[in-house]
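For reference, the structure is listed below as structure tokens.
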Amino acid sequence: MFNALLLEKSEAGFTASVKPIDEAQLPEGDVLAAISHSTLNYKDGLAITQRGPVVRSWPMVAGIDGAGTVLESSHPMWRPGDRFIHNGWGLGETRWGCLAERARLKGDWLVRLPEAFTPRQAMALGTAGYTAMLCVLALERHG
């Protein structure tokens with residue numbers, strides 16, 4: 001069992017709460033990870049407050065990004081103990097996200113955490129910082 005920020009919607013209404021989750025409930029994926037850090041960004045805020053049509057599959061674990069350590073892997077590029085960062089790929093929308101102590105993810109979606117960074121430092125940049133950097137790079141490429 002692990003804790004996760006679970007979003008649920010039913011005829012009774014919408015709830016967002018930290019709940020214990022059984023590992024067997026995790027979606028399919030080839031990497032089981034311990035999530036040590038995540039961020040709370042605008043899109044997560046919309047999902048958690050039910051202010052925008054972010055979540056497309058219920059129930060949903062929120063969190064579009066995360067950093068952590070691989071616990072188990074059947075993916076050829078990832079081994080237990082490897083550190084990673086992850087953002088996007090539908091997390092928190094169509095696939096359970098990283099505002100949880102555990103996640104099952106696809107190894108192809110993970111990025112190796114550079115040795116120079118801790119997971120906390122990587123998540124301090126967060127998805128918004130990453131998106132801003134991509135925009136700056138695109139502006140530079142186009143003069």
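Hydrophobic clustering of Ile, Leu, Val, Met, Phe, Trp and Tyr side chains at less than 4.5 Å, counting indirect connections, keeps Trp78 apart from Val111. Note on Leu26: it clusters hydrophobically with Met60, by side-chain heavy-atom contacts below 4.5 Å among ILVMFWY residues. One hydrophobic cluster holds both Ile21 and Leu5 under the rule that ILVMFWY side chains link at heavy-atom gaps under 4.5 Å. Hydrophobic cluster membership differs between Trp109 and Leu99, with clusters built from Ile, Leu, Val, Met, Phe, Trp and Tyr side chains linked at under 4.5 angstrom. Cluster membership for Leu113 and Met123, using ILVMFWY side-chain heavy atoms within less than 4.5 angstrom, is shared.
Interatomic distance, Ser73 OG to Leu32 CG, rounded to the nearest 0.5 Å: 9.5 Å. In this structure, CD on Glu23 lies 11.5 Å from CD on Glu101, to the nearest 0.5 angstrom. Here the straight-line distance linking atom CZ of Arg102 with atom CH2 of Trp96 works out to 14.0 Å at 0.5 Å rounding. To the nearest 0.5 angstrom, Ile35 atom CD1 is 5.5 Å from Leu105 atom CG. Here the CZ-CG distance, from Phe14 to Leu7, works out to 4.5 Å after rounding to the nearest 0.5 Å. With values rounded to the nearest 0.5 angstrom, Ile48 atom CD1 is found 12.0 Å from Thr15 atom OG1.
Counting all heavy atoms, side chain and backbone alike, Ala100 lies closest to Val61 at CB-CG1, 3.9 Å. For the pair Gln121 and Ala116, the tightest heavy-atom approach, listed with the atom from each and the gap, is OE1-O, 3.7 Å. For the residue pair Gly45 and Leu40, the shortest heavy atom distance occurs at N-CD1, 4.4 Å. Of all heavy-atom pairs spanning Ala33 and Leu71, the tightest one is C-CD1, 3.9 Å. In plain terms, the two heavy atoms of Cys98 and Gly66 that are nearest each other are CB-CA, 3.8 Å. Nearest heavy-atom pair, Asp44 versus Ala62, reported as atom, atom and distance to 0.1 Å: OD1-C, 4.4 Å.
Side-chain atoms of Arg83 come within 3.5 Å of backbone N or O of Phe117 as a donor-acceptor pair. A donor-acceptor pair is defined here as one N or O able to donate and one able to accept, closer than 3.5 Å; no such pair exists between the side chain of Ser38 and the backbone of Gly63. Side-chain atoms of Trp58 never come within 3.5 Å of backbone atoms of Glu8 as a donor-acceptor pair (strictly under, hydrogens ignored). Side-chain atoms of Arg56 come within 3.5 Å of backbone atoms of Pro53 as a donor-acceptor pair (strictly under, hydrogens ignored).
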Dump the intermediate steps for side chain to side chain donor-acceptor pair (under 3.5 Å) on Asp108 and His75, then the final yes or no.
CA-CA 8 Å; Asp108 288 341; His75 191 280; 2.6 Å; yes
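Contact of the Val55 side chain with the Glu93 side chain is not registered, since no non-hydrogen atoms from C-beta on lie closer than 4.5 Å. At least one side-chain heavy atom of Val31 sits under 4.5 Å from a side-chain heavy atom of Leu110. Side-chain atoms of Pro27 and Arg95, non-hydrogen and from C-beta on, do get closer than 4.5 Å to each other. Residues Gln25 and Asp22 have side chains in contact (heavy-atom distance under 4.5 Å, counting atoms from C-beta outward).
A donor-acceptor contact closer than 3.5 angstrom is absent between the side chains of Asp30 and Ser74.
Evaluation of the side-chain hydrogen bond (donor to acceptor under 3.5 Å, both in side chains) rule for Asn3 yields no partner, not counting sequence neighbours. The side-chain hydrogen bond (donor to acceptor under 3.5 Å, both in side chains) check on Arg112 picks up Asp82, with sequence neighbours excluded.
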